[in-house]
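Presented below is the structure to which this report refers.
Counting convention: from 1, in listed order, for ligands and their atoms alike.
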Amino acid sequence: MPDRGLLPDSSPNTPAAVDFGYRRGQLCAEGVALERIAAAVGTPAYVYSRSAIERAFARLEAVFRGLPHTICYAVKANSNLAILRLFVRLGSGFDVVSGGELERVRRAGGAPGRIVFSGVGKTREEIREALRAGILLLNVESEAELELVAEQAARLRRSAPVSLRVNPDVRAGDHPHIRTGHHTHKFGLDWPEARRLYLRHRRHRWLLWRGISAHIGSQILRVEPFRRAARRLASYVGDLARMGIRLRYLDFGGGIGVRYWRERPFALRDYARTVSAAFAPLGCHLLLEPGRFLVAHAGVLLTRVLYLKQVRHRTFVIVDAAMNDFLRPTLYGAVHPITTARQDSRGRRRRVTLVGPVCETGDCFLQDWPLPPVRPGDLLVLWGAGAYGMVLASNYNSRPRPAEVLVSGNRFRIIRRREARSDLWRGERP
Ligand code: LLP
């Protein structure tokens with residue numbers, strides 16, 4: 001097993017050594033040295049491993065084999081067309097939250113009949129687009145939205161396949177910003193309210209009750225909140241069935257946590273067992289909306305050292321990537337390990353603070369992080385950057401956004417060119 005420096009190894013939900021590992025002293029994505037990619041496309045750059053995505057998808061498929069289900073990849077985690085196309089080939093469905101994501105999936109060749117549309121603020125235009133496309137399910141989050149869906153469906157003379165997103169009122173998720181399933185959050189409907197709507201519109205001319213949905217949060221590391229939410233959801237489905245409303249789809253959202261550094265996520269088997277135990281007796285078709293689990297460890301961010309700077313006792317390593325390229329450390333205080341791309345055991349590790357060039361103190365990737373001696377020009381690798389990486393990138397400080405590269409075996413391909421200087425003011429009028 002190759003030594004991958006400071007990475008946690010042999011634990012569930014960490015990057016597999018077959019996808020990213022040192023070969024002959026060089027860190028490789030599958031069969032391609034990251035140094036080679038950096039030399040060809042420059043830095044900062046996102047690099048994804050195709051086999052890592054395929055493996056994550058296959059693992060999730062395998063644990064749910066016993067239950068009729070469809071994995072609907074949450075596009076928001078990484079929406080590059082090449083990544084979406086890969087999911088299309090794998091037979092995945094999709095969870096979208098905007099007209100933009102819907103169109104991306106369609107451009108990547110995704111079938112509308114495998115798309116679910118979530119989100120609290122769908123616009124009239126987005127609802128029309130979804131209805132016209134003939135998507136699988138609209139996850140509706142409020143009475144006002146339901147009325148708008150009904151009105152647009154009538155206008156287009158097309159039945160709307162709808163589900164209500166309910167709020168099961170559980171606390172879950174690693175960080176307050178990404179918790180969604182508690183009654184204090186903006187998401188979903190309380191059960192009494194949802195129940196009232198299901199009953200009231202049970203024989204609606206244009207609304208077709210196809211399902212019920214929930215998504216309780218993201219980066220969830222314990223199975224318990226899923227268990228509680230699943231039991232509640234199952235009881236709601238039973239309640240509706242007793243009143244003659246039979247739902248075909250049960251959409252349980254995403255949220256499976258991964259190990260970026262020291263997190264200890266649940267085993268996938270336990271998650272599947274819990275979900276299956278609650279839902280199998282209902283006879284529904286299960287929809288899952290995982291984002292992070294499928295892509296987080298399929299991606300790294302390459303960056304080069306610009307300068308070293310000593311301030312009193314602190315050594316700053318200033319790199320050419322910044323918070324605009326990868327926001328998670330700044331936004332959530334997330335710890336993403338950084339290692340050198342060259343396997344270099346010469347010299348003792350020293351504790352350094354890795355920062356980017358953006359003019360904010362929050363532009364910091366890691367503090368007091370042990371790193372072997374590095375010099376300007378050295379290539380560094382930030383791990384676990386495949387999910388909520390490029391999609392959260394911005395042009396802050398007028399920095400062009402990074403390139404994206406997809407590796408497959410011994411080959412790599414640029415799947416998004418680095419932004420040019422002129423992209424920075426595209427659409428502006430001086
Ligand atoms: N379904 C719905 C309705 C969602 O809102 C989300 C994520 C997902 C599925 C996918 O969740 P996942 O399996 O990836 O946990 N930017 C944050 C994560 C925000 C997640 C928002 N919703 C981060 O970087 O941690």
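Side chains of Asn139 and Asp251: a donor on one and an acceptor on the other come within 3.5 Å. At a cut-off of 3.5 Å, with distance as the only test, a side-chain donor of Glu419 or Asn395 sits close to an acceptor on the other residue. In this model, no donor atom of one side chain and acceptor atom of the other lie less than 3.5 Å apart for Thr353 and Gln367. No side-chain donor-acceptor contact under 3.5 Å links Tyr73 and Glu289.
With a 4.0 Å heavy-atom cut-off, ligand 1 is reached by no atom of Glu141. Within the 4.0 Å heavy-atom criterion, the part of Asp95 lying near ligand 1 is the side chain and not the backbone. Counting heavy atoms closer than 4.0 Å to ligand 1, residue Ala77 contributes nothing at all. When heavy-atom distances to ligand 1 are checked against a 4.0 Å cut-off, Glu289 comes that close through both its backbone and its side chain. Contact annotation for Arg292 and ligand 1: heavy atoms of both the backbone and the side chain come within less than 4.0 Å of the ligand.
Considering backbone and side-chain atoms together, Gly255 places an N or O closer than 3.5 Å to an N or O of ligand 1. In terms of polar-atom proximity, defined here as any N/O pair under 3.5 Å, Gly291 does make such a contact with ligand 1. Not a single N or O atom of Arg165, backbone or side chain, sits closer than 3.5 Å to an N or O atom of ligand 1.
Taking the six-membered ring for Trp and the full ring otherwise, the centers of Phe252 and Phe279 sit less than 6.0 Å from each other. Ring pair Trp383/Tyr260: centre-to-centre distance not below 6.0 Å.
Test Asp325, Thr303, Asp320 against Thr43 for side-chain hydrogen bond (donor to acceptor under 3.5 Å, both in side chains) and you get one pass: Asp320.
Remark: ligand 1 atoms within the under-4.0 Å shell around heavy atoms of Arg328 are 23 (C), 24 (O), 25 (O). Within ligand 1, the atoms closer than 4.0 Å to a non-hydrogen atom of Ala74 are 8 (C), 9 (C), 10 (C), numbered from 1 in the order shown. Near Pro290, meaning under 4.0 Å from any of its heavy atoms, are these atoms of ligand 1: 13 (O). If you number the atoms of ligand 1 from 1 as listed, the ones under 4.0 Å from a heavy atom of Gly254 come out as 9 (C), 13 (O).
One option in Cys72, Ala334, Ser218 has a heavy atom closer to atom 15 (O) of ligand 1 than any other, and that option is Ser218.
The closest side-chain heavy-atom distance from Arg401 to Arg418 is not below 4.5 Å. Using a 4.5 Å cut-off on side-chain heavy atoms (C-beta onward), Ile212 and Tyr198 make contact.
Using a 4.0 angstrom heavy-atom cutoff, Tyr332 counts as in contact with ligand 1.
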